[in-house]
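In what follows, chains are A, B, ... by sequence order, proteins preceding strands, each numbered from 1. Treat the numbers as computed from the prediction; the structure is a model and nothing was measured.
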2 protein chains.
Amino acid sequence: MTPVNLKSLSEQLNLSIATVSRALRDSHEVSEATKVRVRALASALHYEPNAYASSLRRNISKTIGVVIPKVANHFFALAINGIEEAARQSGYHVLIYLTHDDYEREMSIVQHLKGGRVDGLLMSVASGTQDFAHLRSLKDANIPIVFFDRVCAEIETAKVTTNDYESGYQATEHLIQAGCRTIAHLLISNNLSIGQFRHQGYLDALTANDQAPDPDLVMSGVMDNEQNVALIRELLLRRPDIDGIFASVERLAISAYRVCHELQRRIPEDVKIIGFSNLEAAALLDPPLSTITQPAYDIGREAAKILLRAVEKKKAVLSTQSVVLESTLFARQSTGS
Amino acid sequence: MTPVNLKSLSEQLNLSIATVSRALRDSHEVSEATKVRVRALASALHYEPNAYASSLRRNISKTIGVVIPKVANHFFALAINGIEEAARQSGYHVLIYLTHDDYEREMSIVQHLKGGRVDGLLMSVASGTQDFAHLRSLKDANIPIVFFDRVCAEIETAKVTTNDYESGYQATEHLIQAGCRTIAHLLISNNLSIGQFRHQGYLDALTANDQAPDPDLVMSGVMDNEQNVALIRELLLRRPDIDGIFASVERLAISAYRVCHELQRRIPEDVKIIGFSNLEAAALLDPPLSTITQPAYDIGREAAKILLRAVEKKKAVLSTQSVVLESTLFARQSTGS
DNA sequence: TTTATTTACGCAAACGTTTTCGGTAGATAG
DNA sequence: CTATCTACCGAAAACGTTTGCGTAAATAAA
């Protein structure tokens, strides 16, 4: 069985390889008649151009990489959805890599990607990442990068985020309005920019409402869920006066629910809870969870579109192209409404 | 800035391209001394081999494709996690494609992939797919494929699934044990093999317990969630005698919850519900949802491992390599326990 | 008529890697 | 002193595409 490539096509058509290639790319240097002949045979034999040969020659892979901490998280799942959609529309392929919030893995992935396997990169940095040299070096390799959600402030490029500060502020104020006097903040990891923004919103909302921020009420989560549950349990036992919880990330809100159920703390009577979450079932929880919901799909899609624009034009991505998409606060029963 | 490739390396080292290539691949035809020299310079200059050149020459892409209906679904998210893990361990990359349960899209994706972009394919077929010619043609293109979860019985290859029939049987019997006399089955789509298996389990459990199956109690879901809600509402209103619901897929279980809340049907007093689900928060729902939980991560990982074994050995994947991983039934309050 | 210009196509060189087929120098064996 | 072997290395041909350049014929302009 002879392979079906430009060579075999050209032989059957009595044309040169060059002409067949041009015909398939609809070049104006080929007569309409030949184009018809070529296309007919190509589709009859189900010809598919070899992506790697093409990529090698054109130095373009029509592929973008997505590097995220994990996918088993509704936010990232939705974001991928948006990314894939945008990529598909522009004829791009999507390579996916999970860091599991591990710095070493993130570095090794990025290093590999510099080999030209991707034309551009979308990224949500790992919580463990402190050093950004590996990201900076992407610039040298001429691979544009766009951050989404968990951005890296130190790198000069476009970032797609939600209004983290305002959301943190709103969430906290929502708890205060609901009557909370001692509000704990469960945040992802203290070296993540979005965590810091949300935390600053929390702090500012407290002081704006004459409540003194108390570092003892701030807990930063870890990777392991069971460990988080233990930490939250300890926090609630140590500070029985806590009557409000603001969780910066879905996982911690869920864990807080578990601990409250376990400790027989009634929600919202004893403790009110609000958390960042993209959980569809949030309204079906016991009680329905008040959420700040990020436009995850749009964040992914927007980030991909910005990246693809840069890739297509072979221009660098600029910080000025950054976009902030607003989250929505859904007040439900867990905060008393 | 000169590019860093084999040519530039070889020039700086006063070696031939061939030797540099061999040194980096740790060939025995190169002296240890030269290897050290080569590796030193390569890592100093952060040399990354061009993946496309290598793929073109070796006719191997070190990439697998994953084609799934959607990612915003806990099952698939977890499966991807397992897939990525297995791929990473073997040095493979993962391309991801979403069909959104659309046959046309699935076909076009598969067609593109025959260009040699991937060494193998993992797939969960779209619910709309009836014709399998596009999948069969992968055999001709010599691209091995392994199905997981939503398999295609007509294609001769390995499949990784859960024990769908038994799970459907168990779930139904669980409802019967809980006292249900009129059990509805909400299934994904009637032309999906897993739906059929689960449905057969449902039917057999009914007859084994002297309950006559009633086609009027069987509803097959559609793509749109709101539409599903409407369908379920209509079903519950038309058949007020329904006292048990078995949902073959997470989305439908959630929708059933919404409808029950809306119609003031008490769970589990009026209606008992059990559903396939990988939702972490299932235990936190109101009331906690009884679930049949598939080992999603393991299903993805196992499927990937089988595929990669075949790819590495350049052998076809056999049906005999199929694996069935058991789901677990978690009895919670929604079925009265 | 001659001279430009256009149209349609082919030749051959890239792209960066891997691999086959040698080739040379030195060591060992006969 | 030749023959065989081993250990290293290089030249060059692939892999399938794209593309700059050349060119013949056909047409238009002079």
Checklist outcome for this item: A:Glu11 atom CD is separated from D:dG16 atom P, nearest whole Å, by 12 Å
Next on the checklist: Tell me whether the side-chain N/O atoms of B:Tyr47 come closer than 4.0 Å to OP1 or OP2 in C:dG16.
Outcome noted: no
Next on the checklist: Does A:Ser54 reach a base, just sugar-phosphate, or nothing at all? Heavy atoms under 4.0 Å.
Outcome noted: sugar-phosphate
Next on the checklist: Expressed as a whole number of angstroms, how long is the span from A:Asp26:CG to D:dT18:C1'?
Outcome noted: 16 Å
Checklist entry - Short question: side chain of A:Asp101, backbone of A:Pro69 - any donor-acceptor pair under 3.5 Å? => result no
Checklist entry - Would you say the side chains of A:Tyr92 and A:Glu84 form a donor-acceptor pair under 3.5 Å? => result no
Pair up each side-chain donor or acceptor in residues 46-53 of chain A with any protein partner under 3.5 Å, not counting sequence neighbours, and list the distances.
residue : atom : partner  : partner atom : Å
A:Glu48 : OE2  : B:Gln111 : NE2          : 3.2
A:Asn50 : OD1  : A:Tyr52  : N            : 2.8
A:Asn50 : OD1  : A:Ala53  : N            : 2.8
A:Tyr52 : OH   : B:Arg117 : O            : 2.4

Checklist entry - In whole angstroms, how far is the P atom of C:dC15 from the CG atom of B:Leu6? => result 13 Å
Next on the checklist: Between A:His112 and A:Tyr97, is the ring centroid distance below 6.0 Å?
Outcome noted: no
Checklist entry - Looking only at side chains, do B:Ser319 and B:Ser322 share a donor and an acceptor under 3.5 Å apart? => result no
Next on the checklist: Rounded to whole Å, please give me the gap between CG in B:Asn50 and P in D:dG16.
Outcome noted: 17 Å
Checklist outcome for this item: Separation of D:dG16 atom P from B:Arg57 atom CZ, nearest Å, is 10 Å
Checklist entry - Taking atom P of D:dT18 as reference, at what distance in whole Å does atom NZ of A:Lys7 sit? => result 16 Å
Checklist outcome for this item: Taken to the nearest whole Å, CZ/B:Arg58 to P/C:dT20 is 12 Å
Checklist outcome for this item: Scoring nucleotides 4-12 of chain D by protein non-hydrogen atoms under 4.0 Å (B base, S sugar-phosphate only, - none) yields ----BBBB-
Item to check | Working for salt bridge (charged side-chain N to carboxylate O under 4.0 Å, His left out), residues A:Arg39 and A:Glu32 | outcome: CA-CA 10 Å; A:Arg39 279 196 285 252; A:Glu32 201 53 46; 3.4 Å; yes
Checklist entry - How close or far is atom P of C:dT18 from atom CZ of B:Arg25, stated in whole angstroms? => result 4 Å
